[in-house]
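The structure appears right after this line, and notes come after that.
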Amino acid sequence: MTALLGTIALLATCAWLAGIVWFLRFYRAPAVEVPGRVTLLLAVTGRTNGLPPLFAALARQTLRPRRMLVAVESVEDPALAQVRELEHLLPFPVEVVVAGFDDTRSQKATNMIAALARVDADDDALVLLDADILPRETWLSWLATPALNGAADVVTGYRWHALDGAGPGRHVVAWLDRSLALGPRFLASGLVWGGSVAIARDALARMDLAGALSRTFSTDGAISRRARALRLRVLTRRAVLLPTPPEGGDREAIAFKTRQLQIVHVYVPALWVWLGVALHAEALALPLALLAIAGDAVAVVFVAAIGAAGVARALLHDRVTRAVGIREGLAARAAQVALGALAPLTAPAVAALFWTSARTRVIRWRHIDYEVLGPEQVRVLRRRGPGAAA
């Protein structure tokens, strides 16, 4: 029994390790960059610390956007005033759209639908982005090029958590999210991450994004479903791995990851199940550690091997961190190595985080509570903060 538990746990952690090696093997700067007219679409709510550095990063892009559409929910939304304070930093125009409210979908979907009405035939591609990313100057060109030159219909990237100053909860969240970013991509084939996605003009016309978002909670999930239904070519670009600085403490980090996993549960249930199986296979390291403490020599060998694989994962994660332009301090790097070495504790903690997404009926996103009964069965239960009285 010990050998069976150890083999399963070791194979699970080595599968994640193989994903990192595969990612690094093919991670390189794109060889082709083409010009084009690109409109950015940013749906944002609330005043955030990440917006000033985001605007500064957008101003440095090697591919200058035609314009940026910024969608907010109401004139009372603090995001509106912050955008007005920062728009002078950008060498391209900013158009602000006030979306209003709709209780049959997420507020982000409502914001995006309002902004989509401004997209016109002068756009060669539309790029969606989140407010918490910190892109390098080549981000837009690398993301948009395959959509501009016809190599893909939809191009997406993924986040990469920056961890300086992060607490233990955020470190555990990053351990899981970094593994997902680099893990076996066949499990997430065709999925779109809305924090950074480019859509070619012809594909945008076919997708009817406003219709796809009309009854959804997750804009990412709705875009992915529509792209699959139309058999569009979706490209996940390794080079578009975006630094995401921490905002908020451990509680906010755990709430963020819970919501992301809930979205997977609702929109891609098969992937949620496979992810759960993989995480629980890794979590078998805990009973192995208990057997090792009890004197089982075979368990000791397996626990040592799993810990060594975990340290290797952390060190390779650090290589990726440096490759995407983040220079983390010694404390953050040491914390990730410790998480890898302490696999019997890390893996069960990640499995416990996974189970926070088992219930999806009520999902909180920013200042709004939603009831989510299915991919297109959504209603607002409660609003707080901006627009609460609407």
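Both Phe256 and Val266 are part of a single hydrophobic cluster, where members link through side-chain heavy atoms under 4.5 Å apart. Following chains of ILVMFWY side-chain contacts shorter than 4.5 Å, one can reach Val96 starting from Leu58, so the two form part of one hydrophobic cluster. Phe101 and Val97 are members of different hydrophobic clusters when ILVMFWY side chains are connected at heavy-atom separations under 4.5 Å. Tyr27 and Val21 end up in the same hydrophobic cluster when Ile, Leu, Val, Met, Phe, Trp and Tyr side chains are linked at under 4.5 Å.
Counting only distance, with no hydrogens or angles, the side chain of Gln61 and the backbone of Arg136 share a donor-acceptor pair below 3.5 Å. Side-chain atoms of Ser141 do not come within 3.5 Å of backbone N or O of Thr62 as any donor-acceptor pair. His265 contributes a side-chain N or O that, together with a main-chain N or O of Ser357, makes up a donor-acceptor pair within less than 3.5 Å. Panel note: side chain Thr346, backbone Leu339; a donor-acceptor pair is recorded below 3.5 Å. Without hydrogens or angle criteria, Arg67 side chain to Pro93 main chain gives no donor-acceptor distance under 3.5 Å. In this structure, the side chain of Arg201 engages the main chain of Ala121 through a donor-acceptor pair within 3.5 Å. Panel note: side chain Asp153, backbone Arg233; a donor-acceptor pair is recorded below 3.5 Å.
Pairing each heavy atom of Leu353 with each of Leu261, the nearest pair is O-CD1, 4.0 Å. When all heavy atoms of Arg366 and Gly46 are compared, the pair lying nearest together is NH2-CA, 3.9 Å. The minimum heavy-atom distance between Ala9 and Leu284, with the atom names listed, is CB-CB, 4.0 Å. Closest heavy-atom contact between Gly276 and Phe354: CA-CZ, 3.4 Å. Across all non-hydrogen atoms, the minimal contact from Ala281 to Ala12 is CB-CB, 3.7 Å. Residues Pro65 and Leu140 come closest through the heavy atom pair CG-CD2, 3.6 Å.
Within the 4.5 Å cutoff, no side-chain heavy atoms of Gln336 are placed close to those of Asp318. Annotation: side chain of His171 is in contact with side chain of Leu163 (closest heavy-atom distance under 4.5 Å). Under the 4.5 Å side-chain criterion, counting only non-hydrogen atoms from C-beta, Val155 is not in contact with Val240. The shortest distance between side-chain heavy atoms of Asp177 and Lys257 falls below 4.5 Å. When side chains are defined from C-beta on, Met207 counts as touching Ile223, because their heavy atoms get closer than 4.5 Å.
Taking the charged nitrogens against the carboxylate oxygens, Arg170 and Glu247 have no contact shorter than 4.0 Å, which rules out a salt bridge. At a threshold of 4.0 Å, the pair Arg379-Glu371 counts as salt-bridged, since one of the basic side-chain nitrogens sits closer than that to a carboxylate oxygen. Remark: Glu76 does not engage Arg383 in a salt bridge, criterion side-chain N to carboxylate O under 4.0 Å. The pair Arg37-Asp123 does not meet the salt-bridge criterion, since no charged nitrogen lies less than 4.0 angstrom from a carboxylate oxygen. Ion pairing of Arg66 with Asp120 is present here, as a side-chain N (NZ or NE/NH1/NH2) and a carboxylate O approach within less than 4.0 Å. A salt bridge is absent between Asp202 and Arg206: the closest approach of a Lys/Arg side-chain nitrogen to an acidic carboxylate oxygen does not fall below 4.0 angstrom.
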Exercise for review: Just do the side-chain contact (heavy atoms from CB on, under 4.5 Å) check on Val38 and Leu63 with the steps written out, would you?
Suggested key: CA-CA 9 Å; Val38 178; Leu63 174 61; 4.1 Å; yes

Review point. Which is it for Val277 and Leu279 under the side-chain contact (heavy atoms from CB on, under 4.5 Å) test, yes or no, and what are the steps along the way?
Key: CA-CA 6 Å; Val277 169; Leu279 296 179; over 6 Å; no

Practice item. Before giving the answer on side-chain contact (heavy atoms from CB on, under 4.5 Å), spell out for Ile326 and Arg322 the whole-Å C-alpha distance, their side-chain angles and the decisive distance to 0.1 Å. Key: CA-CA 5 Å; Ile326 304 173; Arg322 287 181 277 114; over 6 Å; no

Between side-chain atoms of residues 288-303 and protein atoms elsewhere (two or more places apart, or another chain), which donor-acceptor pairs fall under 3.5 Å?
{"residue": "Asp296", "atom": "OD1", "partner": "Val298", "partner atom": "N", "Å": "3.0"}
{"residue": "Asp296", "atom": "OD1", "partner": "Ala299", "partner atom": "N", "Å": "3.2"}
{"residue": "Asp296", "atom": "OD2", "partner": "Thr2", "partner atom": "OG1", "Å": "2.9"}

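Atom CZ of Arg361 has 12 or fewer heavy atoms from other residues, nucleotides or ligands within 6.0 Å. Dense packing is recorded around CG of Asp164, with more than 12 heavy atoms of other residues, nucleotides or ligands lying under 6.0 Å away. The number of heavy atoms from other shown groups lying within 6.0 Å of CZ (Arg64) does not exceed 12.
Among the candidates Thr216, Asp130, Thr45, the single residue satisfying the side-chain hydrogen bond (donor to acceptor under 3.5 Å, both in side chains) test with Lys108 is Asp130. Of the options Gln107, Arg382, Glu73, a side-chain hydrogen bond (donor to acceptor under 3.5 Å, both in side chains) to His367 is made by Glu73 and by none of the others. The only option from Arg178, Arg319, Arg333 that meets the salt bridge (charged side-chain N to carboxylate O under 4.0 Å, His left out) definition with Glu328 turns out to be Arg178.
Between the side chains of Asp220 and Ser218, not a single donor N or O lies within less than 3.5 Å of an accepting N or O. For Arg313 and Ser179, the side-chain atoms include at least one donor-acceptor pair closer than 3.5 Å. With no hydrogens or angles considered, no side-chain donor-acceptor pair links Arg237 and Thr156 at under 3.5 Å.
Identified under the ring-ring contact (aromatic ring centres under 6.0 Å, His included) test for residues 307-331, with sequence neighbours left out: Trp160-His317, Trp175-His317.
With rounding to the nearest 0.5 angstrom, the CG atom of Leu213 is 5.0 Å from the CE atom of Met112.
Between Tyr370 and Phe217, the ring planes are perpendicular. Angles over 60° get that label, and only those under 30° would be called parallel.
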